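Please read the structure below before turning to the comments.
Lettering of chains follows the sequences in order, A, B, ..., and the numbering in each one begins at 1. Predicted model only: the values in this text are computed from it and were never measured.
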2 protein chains.
Amino acid sequence: MQETLCQQTHYTDHMEDEVDRLVAAWRRERPDLDVEPLEVLSRVSRLARHLDRARRLAFSEHQLEPWEFDVLTSLRRAGAPYQLSPGQLLTQTLVTSGTMTNRIDRLTKKGLVERLPDPSDRRGVLVRLTPEGRDRADEALAGLLAQERAILAQLSRPQRAELAALLRRLTAPFDNVPG
Amino acid sequence: MQETLCQQTHYTDHMEDEVDRLVAAWRRERPDLDVEPLEVLSRVSRLARHLDRARRLAFSEHQLEPWEFDVLTSLRRAGAPYQLSPGQLLTQTLVTSGTMTNRIDRLTKKGLVERLPDPSDRRGVLVRLTPEGRDRADEALAGLLAQERAILAQLSRPQRAELAALLRRLTAPFDNVPG
DNA sequence: CCCATGAATCTTGAGATCGAGATATATTTG
DNA sequence: CAAATATATCTCGATCTCAAGATTCATGGG
């Protein structure tokens, strides 16, 4: 780790959040414990819940639920012919197999995806985006990005890059092991 | 924003994660879009799901569900006599009022909390931790902190502080407005 | 004092998630 | 080649969550 000249994140406005209050409360009630980990991970969990609410709102304009968006965009990103196995969808969306079966069923009923037999493995199935599914995914993505940009306006571009890099170090171990 | 000498987050090991692959896929499929926001916010959402799974595992040793932990520790942090209104519990746990009523019902049946009339407002209720509830919260917290420390070992202490500060700037707007 | 407005909590019904186990097919091993 | 093991997906039942609306009480103006 080398020292270099870089942007210091030195905030003049130190606005408190719920986690500051939460940590202060623990230090008062349990001064014997080191609750430093909560400074990072409680913020991650709470921010994710806030984002989930915000997304639910943003998607409701497009008649899409967040879980529908997750599946449709996973297929969209795969590129033509826009198909993945349920197993690949699992690693992208981090839900259980039972949940994914259920999601595919419902999206099929809505005409946004279709199930095809996997030609190379008779156990398997491929899930393919329909043209309508593709359009819905594209529309919703544009809306989501606009919303996310507004939330991230709190940070400068280098700060966002720094934040992304720090988060990557935490997510990578989860994403790169069997677990 | 001043420039100072500080630790540069310059990683020799640039381990990829799912979000790197996700972003690369979008740039290939939708080169017209700027997907930079996903670098931060998709990592936040995915990390939160990984944490949720890890917590579920950690708490199962104590026969506690994550949602039970959230409610019990909110009350524990409040300090003696360990009581809060359902409304206060809402802002701490970010669930809807219907969900909270349900949670309080179930925790009451398990003998971990009890409902008392609010002496200063006859509409209101106070939820109080029972002695057993308090013990369960304290045990589970110790276990959670140990697990979180292991996850955060990927970062140095100043990196953790930096990460917490950056996240605070994103959570504060959510935590400090009516929304 | 009474009514209108607002706030805090609870009720309800629909829908989504999880975990565990079932089923069918692949792959490896002896 | 047969048996054992592993993999991919689905089924099922129990919870858990949410959104919307109902209920109960507080508060302020007339």
What's the CG-P distance between A/L94 and C/dT17, to the nearest Å? 13 Å

Taking only nitrogen or oxygen atoms into account, show me every contact under 3.5 Å that the protein makes with nucleotides 9-11 of chain C, one pair per line with its distance.
unit_1	atom_1	unit_2	atom_2	d
C/dT9	OP2	B/G87	N	2.8
C/dC10	OP1	B/R115	NH1	3.0
C/dC10	N4	B/S97	OG	2.6

Here the residues of residues 56-80 of chain B within 4.0 Å heavy-atom distance, strictly under, of DNA chain D are B/W67

A/Y82: which residues meet the ring pair (Phe, Tyr, Trp, His ring centres under 6.0 Å) condition with it, sequence neighbours left out? none

Residue set satisfying side chain to side chain contact (heavy atoms under 4.5 Å, CB included) with B/D118, at least two apart, ordered chain then number -> B/S120, B/D121, B/L126

Of A/D121 and A/V95, the one whose nearest nucleotide on DNA chain C sits closer to the 5' end is A/V95

Span of DNA chain D in contact with chain B (heavy atoms, under 4.0 Å): D/dC16 to D/dA26

Here the distance between atom P of C/dA7 and atom CG of B/D118, to the nearest Å, is 17 Å

Sequence neighbours left out, what pairs pass salt bridge (charged side-chain N to carboxylate O under 4.0 Å, His left out) with at least one residue falling in residues 86-100 of chain A? none

With sequence neighbours excluded, what pairs up with B/E36 under the salt bridge (charged side-chain N to carboxylate O under 4.0 Å, His left out) test? A/R157, A/R160

List the residues meeting salt bridge (charged side-chain N to carboxylate O under 4.0 Å, His left out) with A/R106, not counting sequence neighbours, and say none if there are none. none

Only counting residues at least two apart or in another chain, list the ones meeting side chain to side chain donor-acceptor pair (under 3.5 Å) with A/E68. A/K110

Of all residues at least two apart in sequence or in a different chain, which pass the side chain to side chain contact (heavy atoms under 4.5 Å, CB included) check with B/S97? B/L90

Going by the rule side chain to side chain contact (heavy atoms under 4.5 Å, CB included), which residues pair with B/E18 if we only count those two or more places apart in sequence or in a different chain? A/Q92, A/D175, B/R21, B/R46

Which residues share a side chain to side chain contact (heavy atoms under 4.5 Å, CB included) with B/T99, sequence neighbours left out: B/V95, B/T96, B/R103

What verdict does the side chain to side chain contact (heavy atoms under 4.5 Å, CB included) test give for A/L112 and A/E132, after you've listed the backbone C-alpha separation in whole Å, the side-chain angles of each residue and the deciding distance to 0.1 Å? CA-CA 6 Å; A/L112 302 179; A/E132 182 185 349; 3.9 Å; yes

